[in-house]
Structures are given as structure tokens and as C-alpha cells.
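Sharing a structure here in C-alpha cells format.
FYI, side chains are in, hydrogens and waters are out, and symmetry mates aren't considered; it's all heavy atoms of this structure. Everything numeric here is computed off the predicted structure, so don't read it as measured data.
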Amino acid sequence: MNNRNFKLSFINKTGNSEELLGLNFFKASKTNIPYYMMFDIKTITLANGHSRIVLLAWVILDEKFGLIKEESFYLNPGKPIPEAVVASHHITDEIVKQYAKPHVEIFAKFYADLNNIKWLIAYNYWNYVHIIGSETKKIKSILTNIPFVDTYRYTECCTMREGHSYCNIPFSEKRYNSLTLERLAVLCGLNITNAYHDVLCNALTTAKCFEVMVRDNHIKTGDAMLQIDRSIASLDQHLMQIKEQDALNQKIVIKGSFGDNFTAFDFETSSHDRMPCQLGIVVVRNGEIVEEKCWLIQPPENKYDSHFSKIHGITAKKTCNCQEFDALWPEIRPYFDQEKMVAHNVSFDRTVLETAIAHYKLEKVHVKAFLCTSTILGKVRLDNAATQLGIDIENHHNALCDARVCAQICIVAAKSTDSAPPEETHKRAVPVFYLDKNRSISKDAKIQDLSIVKNTDTIFYKKRVVISGVFESFPVRNDLALLLKKLGTDVNGALSKRTDLLIIGDDFGPKKMGQAEQIIAAGYPLKIMNEEDLIRELNSINTL
């Protein structure tokens with residue numbers, strides 16, 4: 001397969017896939033007779049555990065996999081969008097308010113298309129159908145003639161289950177997500193470089209994986225399909241090919257610039273509640289830095305989580321005489337009002353800003369656009385992006401330093417003759433996809449084996465450990481997990497009351513941190529260790 005670069009629209013659009021996506025992922029149908037329907041959803045979870053749909057997409061293909069239709073819609077879940085969803089998928093309450101369509105209108109379209117197809121397909125089919133059925137019950141009294149999804153009308157297919165069999169990966173109900181859609185796409189020989197987590201992309205990717213399995217005769221549809229040569233035998237083999245290709249191609253690709261006039265900003269926070277303790281501002285005009293400002297900010301009650309202080313060095317002692325955000329707001333606000341604001345991982349910094357405004361009940365500021373420097377070089381950390389472009393980053397996690405580096409990245413990108421204007425994130429950013437191989441932990445690393453331990457006199461021996469975040473010393477998280485296994489550690493993926501140690505790096509999960517704090521507050525002896533502490537401890541036992 002050739003490399004594919006998605007350029008998806010997030011507002012309701014239909015028509016030819018080549019026009020919408022900028023690629024020939026599926027050719028337009030010549031028969032226009034519906035046969036397959038693939039769908040995907042994105043949800044939020046309510047306090048009662050029920051899921052509500054916030055994005056719904058589906059595609060219709062003919063029996064030869066020609067594209068007939070593609071649909072993508074926002075739905076109002078009726079509750080505020082959680083921070084985790086905003087951070088992961090860039091879906092905000094503002095976007096939903098602006099673009100969401102009435103449930104009745106969307107499900108009328110959805111079920112109208114269901115009436116005309118023979119196969120109904122989704123990646124996590126049974127879960128998705130259950131959620132759609134739940135949503136349908138809410139409008140059943142209005143749409144009296146719509147059918148529920150059932151086994152009598154369609155031939156159903158769950159590409160996750162079929163993918164396990166196709167790729168010779170054991171399937172377990174307890175570990176139903178062991179084969180992600182991204183991984184399945186790789187094993188099917190697809191190389192889709194970005195836009196995962198958008199529902200339309202996922203529906204199209206599901207369709208392509210299904211097509212590969214049909215043409216390999218793994219799934220029988222009753223159609224005379226030609227066999228294709230499946231040259232990629234395993235995920236590990238394909239990842240090795242990607243790694244080798246990356247080693248050959250060291251050229252830095254700059255994907256876009258934000259012009260010559262903008263303001264870069266960066267927040268440092270005091271806890272997982274995302275309350276600011278420092279703000280850095282760098283103003284750029286005509287491609288030159290013209291102003292820099294930095295404020296230390298006292299968080300509510302001047303409270304800090306110790307592991308946050310270890311990251312940026314800001315403590316309650318340093319901010320005890322500083323003003324809180326609301327007192328500084330009249331001075332800060334002019335830098336945001338009607339301005340194009342740039343940050344690295346801008347969804348985080350934007351959330352910090354909005355959290356502080358909401359906490360102090362301040363009047364909202366009107367920002368022209370929020371833009372993210374991670375779209376320029378791909379999803380890499382700020383310090384790595386700076387290194388690639390030859391920019392000095394002397395004091396990473398200082399808000400002014402990080403804002404200055406963001407500004408310099410944009411200035412360099414603006415001077416690149418190959419750069420193209422990026423899409424603005426206020427229209428909803430496309431998160432750049434990168435293979436999750438560096439964050440995943442192998443099954444072998446999670447199997448504790450005390451027989452291989454040579455040194456039992458360490459803090460890791462017989463300890464239950466969870467790893468979260470990105471580690472500079474261990475770019476591949478599995479390397480750290482295997483090292484801990486040699487020290488007698490029981491490496492786990494989820495926190496519990498039995499967890500002894502949570503090891504965190506950059507970009508650690510805020511949900512995990514919240515769980516950890518609840519466990520500690522309940523009196524359980526869970527300890528939190530950052531990368532600096534980890535390396536110090538490993539050096540003390542001569543493991544590095």
C-alpha cells in the first residue's frame with residue numbers, strides 16, 4: 001500500500017472521497033448500489049457510567065468497495081465535555097455548541113441508510129451498537145418508523161474480533177482492546193500516518209481493513225473477490241521496516257507555519273486540576289520577538305502536588321506572596337484578546353486558561369485562534385522539536401522559556417519555503433498520529449519472573465508498578481518495563497489499591513494521577529516517582 005495522508009473535514013460533508021480527503025483511499029462508486037456500511041463513534045462517559053455519543057460517522061460502499069457516501073456529525077451529549085476528551089480528541093463544548101445537529105435529524109439519516117445495506121460493520125461493533133441503541137431509545141417516540149440495529153436485517157461484522165483471528169492474535173473478552181484499530185491497520189498493510197481518533201477516518205480505516213480481510217478470503221461475503229498478496233506477516237516485522245526507513249530518512253519536514261504575527265504562551269500548573277502557577281508570553285510581530293512577559297501565579301489556597309513541583313521547580317514558597325489569577329487577569333487578558341495564540345500541545349494550555357477563567361468566574365476572552373506547534377514537526381515533545389531545529393532550550397518547563405521556544409519554532413517554520421499553511425485548531429485540530437509502539441508494554445514484560453532477579457535488595461523487588469507518560473531516558477516504554485521486570489517488579493497497566501509505585505514521565509495521564517491521589521488519600525502506601533527520581537534510583541543499583 002502507498003502512504004496515505006488524511007486531510008479530514010470535521011463538519012458535515014458528503015461526496016467524493018478524493019475531494020474530501022485529498023487522496024484516493026476508495027474510488028467513487030460507479031454502481032451506486034449500497035452494500036456495506038461502516039460506522040464509528042466517539043463518546044463521553046457520564047457519572048452514572050452511561051456513554052453518550054459526541055461524534056458519529058458512517059460510510060456507504062458498493063459490493064466492489066466503491067465509495068457511495070460518507071457522513072460525519074457532531075451530537076450534543078447533554079453534559080460538559082470532560083477534560084480527557086478535550087485533550088485526546090480536541091472536542092470542546094464550544095465546538096459542539098456551534099456544529100451539533102439535533103439527534104432526531106442525525107439518526108433519521110443514519111437509519112435511512114441502514115435500510116439499504118447488506119453488511120453492517122464497525123471496529124468495536126457490539127459495544128458501538130449497544131450505545132447507538134441507547135441513544136435511539138431517547139428519540140424512539142419521535143421517529144416511530146426507524147428500526148433498531150438487529151441481526152435479522154444485516155450481516156454483522158466486528159473487525160476487532162475478525163482482526164484477532166486474521167492476525168493470529170488470541171482474543172480475550174477481558175482484554176478486548178488488545179488489537180487496536182491502528183495496529184490492525186498496520187497488520188493489514190496500511191500505512192496511515194495521521195488523523196486517528198477522528199470518526200470519519202476510523203470508519204474509512206475500518207472499511208479498508210475489512211476489504212483486506214475479504215480479499216484475503218478471511219471473511220466470506222459471497223462476492224468473487226481477488227486475492228491480494230499480504231506481504232506483512234506481523235506487526236513487529238512492519239514496525240522494524242518503519243524504523244529502518246526512518247533511520248534512512250533524517251530530513252526534517254516542516255508541515256506549516258502560522259504567519260509572522262502571533263503570541264506564543266505556556267502555562268505551568270500546580271496540580272492535575274490544571275490550575276496555573278506560571279504563565280509565559282512571547283509576542284511576535286513581523287517575524288521578530290518584540291515582547292516577553294512572565295508571571296508567577298499563586299494557585300487557589302497556594303496548594304501544590306509535589307510531583308508537579310519536581311517537574312518545573314515552582315513551590316508554594318515561591319508563590320506565597322504572588323497574586324492569584326483573577327488579580328492578574330486585567331494585565332494578562334490584553335495579550336489574548338483578538339490574538340492568534342500559539343502553544344505546544346495547545347489543547348492543554350487552552351484548558352488551563354479556560355479552567356482558571358471558570359474557577360474565578362471571569363469574563364471569557366475572545367481569542368482569534370488557538371494554534372499548536374506540534375503540527376509543524378509532527379507529534380514530538382517541545383524539547384525534541386527544538387533540538388531538531390537547532391533552537392536552544394535552556395530551562396525546559398519554565399513557562400517563559402517554553403513560550404520563547406514555541407515562538408522560535410514558528411519563526412523558523414515561517415521562513416521555510418516548503419511549509420504550507422496549517423489548519424487552525426479552532427475548527428478542531430487533527431491530532432498527528434504516531435504509532436503507539438513507543439508507549440505500549442509487551443505481554444512478556446507484564447509477567448513477573450522472580451527467578452531472573454539477580455539483586456533482590458532494591459525498592460523495585462516484588463513491587464507492583466504502573467508506568468505513565470513519556471520518558472527521555474526510555475523513549476520505548478517497553479524497555480523500561482523489561483528493565484523493571486529484571487529487578488523483580490510486577491508491571492501493571494492499571495492502578496489499584498495494591499499498586500506500590502506509580503512512575504510518571506512527561507505527558508502522564510491526568511486521570512491516572514487523579515486515581516493515584518484518591519488511593520493515597522484513602523490511606524494506601526502508594527508512592528509516585530518521576531523520571532529524575534527513577535534514574536537516580538537505577539543509577540544507585542548500577543542498572544544503567
Side-chain angles (χ1 to χ4, degrees), residues 5-11 86-92 94-95 98-99 194-195 197-198 252-267 276 279-293 332-354 357 364-386 388-389 391 393 399-416 418-433 507:
N5 290 310
F6 280 91
K7 296 180 180 178
L8 290 170
S9 170
F10 297 93
I11 318 303
V86 175
S88 177
H89 307 310
H90 304 274
I91 306 169
T92 65
E94 180 182 1
I95 290 172
Q98 184 175 359
Y99 298 116
N194 68 336
H197 300 304
D198 172 69
I252 297 175
V253 178
I254 297 177
K255 298 182 179 180
S257 71
F258 302 135
D260 294 329
N261 298 290
F262 57 88
T263 296
F265 74 112
D266 182 81
F267 279 108
L279 168 62
I281 290 284
V282 176
V283 181
V284 176
R285 295 291 181 264
N286 298 319
E288 300 289 339
I289 295 175
V290 297
E291 184 180 1
E292 294 184 350
K293 291 279 289 186
I332 292 172
R333 177 171 181 164
Y335 290 96
F336 288 86
D337 195 32
Q338 299 300 325
E339 181 65 16
K340 189 160 54 174
M341 303 302 297
V342 176
H344 200 80
N345 189 15
V346 74
S347 61
F348 171 84
D349 296 279
R350 179 178 182 176
T351 303
V352 174
L353 175 67
E354 293 173 348
I357 290 174
K364 292 184 179 180
V365 66
H366 298 287
V367 175
K368 184 181 295 185
F370 284 99
L371 307 170
C372 189
T373 50
S374 70
T375 62
I376 291 178
L377 289 174
K379 193 175 179 68
V380 297
R381 294 184 343 187
L382 179 64
D383 53 344
N384 291 338
Q388 289 185 43
L389 296 178
I391 297 170
I393 182 166
L400 181 58
C401 172
D402 289 355
R404 185 186 299 121
V405 170
C406 281
Q408 291 171 328
I409 290 173
C410 292
I411 291 170
V412 171
K415 295 177 180 178
S416 171
D418 297 328
S419 63
E423 295 184 5
E424 296 184 349
T425 59
H426 69 285
K427 295 180 180 178
R428 188 170 179 271
V430 179
V432 179
F433 170 71
D507 195 27

- [ ] To the nearest 0.5 Å, tell me how far Glu291 CD sits from Arg285 CZ.
- [x]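 So the CD of Glu291 and the CZ of Arg285 are separated by 9.0 Å.
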Task: Distance in Å, Arg333 CZ paired with His366 NE2, rounded so as to fall on 0.5 Å steps - done: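 NE2 of His366 is found 6.5 Å from CZ of Arg333.
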Open item on the list: Nearest 0.5 angstrom please: Ile409 CD1 to His344 NE2, how far?
Closed with: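 Between atom CD1 of Ile409 and atom NE2 of His344 there are 6.0 Å.
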Task: Spacing of CG belonging to Leu371 relative to SG belonging to Cys406, to within rounding of 0.5 Å - done: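 Leu371 CG to Cys406 SG: 11.5 Å, rounded to 0.5 Å.
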TODO: Work out which heavy atom in Gly280 is nearest to a heavy atom in Ala399; give both atom names and the distance.
DONE: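 Scanning both residues, the minimum pair turns out to be N-CB, 3.4 Å.
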Task: Option from Leu279, Val282, Val405 for which side chain to side chain contact (heavy atoms under 4.5 Å, CB included) with Leu400 holds - done: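 Running side chain to side chain contact (heavy atoms under 4.5 Å, CB included) over Leu279, Val282, Val405 with Leu400 returns exactly one hit, Val282.
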Open item on the list: If you count every heavy atom of other residues, nucleotides or ligands that lies below 6.0 Å from Glu288 atom CD, does the total exceed 12?
Closed with: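 No, not enclosed.
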Task: Test salt bridge (charged side-chain N to carboxylate O under 4.0 Å, His left out) applied to Glu94 and Arg350, step by step - done: CA-CA 13 Å; Glu94 180 182 1; Arg350 179 178 182 176; 2.9 Å; yes
Task: Interatomic spacing from CG in Leu353 to CD1 in Ile332 - rounded to 0.5 Å - done: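 So the gap between those two atoms works out to 9.0 Å.
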For residues 258-267, tabulate all N or O donor-acceptor pairs below 3.5 Å that involve a side-chain atom, not counting sequence neighbours.
unit_1: Asn261; atom_1: OD1; unit_2: Asn286; atom_2: N; d: 2.9
unit_1: Thr263; atom_1: OG1; unit_2: Glu339; atom_2: OE2; d: 3.0

